[in-house]
Asks: 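I'd like to ask you about the structure that follows.
So that the names make sense, note that chain A is the first sequence line, chain B the second, and so on, each numbered from 1. Being a predicted model, the structure only gives us computed values, none of them experimental.
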Protein chains: 2
Amino acid sequence: MQISTTTSPGITRADTVFTDLRQRIVEGDILTGSKLSEPELAKYYDISRSTLRDALSRLEGSGLLQRKANIGYRVVTLSTEQLLEIFRVRESLEGMACRLAAQNMTSKQIEDLKHLLEVHNQYESLQQGEAYIQEEGDLDFHFCIVMGSGNKLLIRLLCEELYFLVRMYRYQFGMASPRAKRAFSEHHHIIQAIEDQDGELAEILMRRHISASRKNVEKRMNTL
Amino acid sequence: MQISTTTSPGITRADTVFTDLRQRIVEGDILTGSKLSEPELAKYYDISRSTLRDALSRLEGSGLLQRKANIGYRVVTLSTEQLLEIFRVRESLEGMACRLAAQNMTSKQIEDLKHLLEVHNQYESLQQGEAYIQEEGDLDFHFCIVMGSGNKLLIRLLCEELYFLVRMYRYQFGMASPRAKRAFSEHHHIIQAIEDQDGELAEILMRRHISASRKNVEKRMNTL
DNA sequence: CAAAGTTTGATTGTCGACAATAAATAAATT
DNA sequence: AATTTATTTATTGTCGACAATCAAACTTTG
């Protein structure tokens, strides 16, 4: 694969490969648990191993790859237990983010969030089966709220690390959940609490929302 | 500076430099906000730029360095607002960790934790002025509890990222706090709750403990 | 035949050099 | 003289090659 040769300002080859690899890993194009061959990948992107390793090390920092000295990089393996760990951490962090969002979000940000929800609702109404878009839209919603919290650390931990892992799990385990309608309703209530600047309620609703998702996952685990 | 030339198994040169640089950054030997010159550092450690960059990219993943394309790495700058952000995130994550610890810690782990607290208490009794050790010991305490939670994600986020940032702040801003005696007492109560397997109380106490530390920081900020 | 040891092959770790970009200095123009 | 433009210098990005380590195939030995 040829990386775009047009010299974009401030965007390095390693940046491009990093983003592309991240997408391929998240979407399951590169399988979980599989080992990455540096010579092979470098040849694929037509770059040197140096710049490839630059991209790989950043993917490790994002939690998508694991590295062992003298052995190499592997895509992180997804255990159900680790997925539940992520949900529990999200419950804690996003509850906090939602409380902060209720205090800090501007009216314009809230309007954008409402608009996002409306678009997702239309999608869901139109094409009933496409839970795919709904699930991706769910993360968009959470993404906006975390951004609205204004807490840079939360933004880094959630938007730049955990959310990619969550998306990875969804692609891996399939994402057709029966929670679409209910999730939409929950999102609506959360926005209302944010608009009312009721941080306490916003936190509770968000925690409950994520907790319900976790239980939904647990239920489906047991049936397997 | 010469890196140890004895070929340790599974430990690469980049590993050694990574650990050493991390310590130098945390302890303020390399100033916050300062730019890192790759040629200079490579010469200092007597290694090539490639292995140095390997170490630097990992430090970026730890949140200690920031990188801009074509410009280079800088040590992260510490604003008081960001420090407070860390405390708020810790309050959330460590509260959760403490609740899990109350459910999961083995009796041996609890004994070790008690022993740790006893040692710290003796240090404090003996040398009154050495708040230095007390503060480092405080993080040891928190470290043990997070490890005892058994949640690998929490361990990664707290023990491998945030705690190094916290230590960095303490070195930077000085760490002589008047909370030594009170903190010891709070630690004692937290252990008791863990031993009683009272997760709910353990979480509340831990959150209160960290919240008090944060307020202590805020108070000292205002006096500056 | 099984298990230990050896050899071969491939992969990662490390290196130094060149190319592309940014920073600093010098020159030129208004 | 101040600002803009050119030129020079230094730093980062990228490359290919060699050394060290690991994995696998083969041989040897009990």
Asks: Whole angstrom is fine here: how far is it from CG in B:Asn70 over to C1' in D:dA10?
Replies: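 Rounding to the nearest Å, CG of B:Asn70 and C1' of D:dA10 are 13 Å apart.
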Asks: Regarding A:Leu56, tell me which of base, sugar-phosphate or nothing describes its non-hydrogen contacts under 4.0 Å with the strands shown.
Replies: nothing
Asks: Whole-Å distance between D:dT12 P and B:Arg74 CZ?
Replies: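 Spelled out: CZ on B:Arg74 to P on D:dT12 is 11 Å.
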Asks: With sequence neighbours excluded, give me every side chain to side chain donor-acceptor pair (under 3.5 Å) pair touching residues 143-152 of chain A.
Replies: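 Counting only pairs at least two positions apart or across chains, no side chain to side chain donor-acceptor pair (under 3.5 Å) contact touches residues 143-152 of chain A.
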Asks: Would one find a side-chain N or O of A:Ser48 under 4.0 angstrom from OP1 or OP2 of D:dT14?
Replies: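 Answer no for this pair, as no side-chain N or O of A:Ser48 is under 4.0 Å from OP1 or OP2.
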Asks: If you check the A:Ile47 side chain, which of D:dT12, D:dC15, C:dT12 turns out closest?
Replies: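 Ranking D:dT12, D:dC15, C:dT12 by closest atom to the A:Ile47 side chain puts D:dC15 first.
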Asks: If the cut-off is 4.0 Å, is B:Lys35 near the phosphate of C:dA23, judged by side-chain N/O to OP1 or OP2?
Replies: no
Asks: With a 4.0 Å cut-off on N to O distance, would you call B:Arg167 and B:Asp138 a salt bridge?
Replies: no
Asks: Among B:Leu52, B:Leu59, B:Leu56, which residue meets the side chain to side chain contact (heavy atoms under 4.5 Å, CB included) test with B:Tyr73?
Replies: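 Answer after filtering B:Leu52, B:Leu59, B:Leu56: B:Leu56.
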Asks: Going by an N to O cut-off under 4.0 Å, is there a salt bridge joining A:Glu218 and A:Arg214?
Replies: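 A salt bridge links A:Glu218 with A:Arg214.
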Asks: Please state how far atom CG in B:Leu65 lies from atom C1' in D:dT12, giving the value in whole angstrom units.
Replies: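 Interatomic distance, CG of B:Leu65 to C1' of D:dT12: 15 Å.
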Asks: Less than 4.0 angstrom between a side-chain N/O of B:Thr51 and OP1 or OP2 of C:dC15, yes or no?
Replies: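 Checking C:dC15 against B:Thr51, a side-chain N or O does come within under 4.0 Å of OP1 or OP2.
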Asks: Would you say a side-chain N or O of B:Thr12 is under 4.0 Å from OP1 or OP2 of C:dT14?
Replies: yes
Asks: D:dG13 C1' sits how many Å from A:Arg53 CZ, rounded?
Replies: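 Atom-to-atom, A:Arg53 to D:dG13, this comes out as 16 Å.
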Asks: Just how far, in rounded Å, is P of C:dT12 from CG of A:Leu52?
Replies: 9 Å
Asks: For B:Asp15 and C:dT14, give me the distance from atom CG to atom P, rounded to whole Å.
Replies: 8 Å
Asks: Considering the options B:Leu21, B:Thr19, B:Asp15, which one meets the side chain to side chain contact (heavy atoms under 4.5 Å, CB included) requirement together with B:Val17?
Replies: B:Leu21
Asks: How many whole angstroms separate atom NZ of B:Lys68 from atom C1' of D:dG13?
Replies: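 For the pair B:Lys68 NZ and D:dG13 C1', the rounded distance is 18 Å.
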Asks: Compute the bend angle of the helix from C:dC1-D:dG30 to C:dT30-D:dA1 from the end axes (five pairs per end), rounded to 10°.
Replies: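 The end axes of the helix from C:dC1-D:dG30 to C:dT30-D:dA1 are about 10° apart, to the nearest 10°.
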Asks: Give a yes or no on whether the backbone of B:Gly33 and the side-chain of B:Arg74 come within a donor-acceptor separation of less than 3.5 Å.
Replies: yes
Asks: Counting only side-chain N and O atoms of B:Arg49, is one of them less than 4.0 Å from OP1 or OP2 of D:dT12?
Replies: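 Checking B:Arg49 against D:dT12: no side-chain N or O falls below 4.0 Å of OP1 or OP2.
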Asks: Send over the distance from B:Ile11 CD1 to C:dG13 C1', rounded to a whole Å.
Replies: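 Going from B:Ile11 (CD1) to C:dG13 (C1'), I get 15 Å.
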Asks: So, are B:Glu161 and A:Arg156 salt-bridged, with charged N and O less than 4.0 Å apart?
Replies: yes
Asks: Hey, does the side chain of A:Arg13 come within less than 4.0 Å of D:dT12's phosphate (OP1/OP2), counting only N and O?
Replies: no
Asks: It should be established whether B:Ser50 places a side-chain nitrogen or oxygen under 4.0 Å from OP1 or OP2 of nucleotide C:dG13.
Replies: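 For C:dG13, OP1/OP2 do not have a side-chain N/O of B:Ser50 under 4.0 Å.
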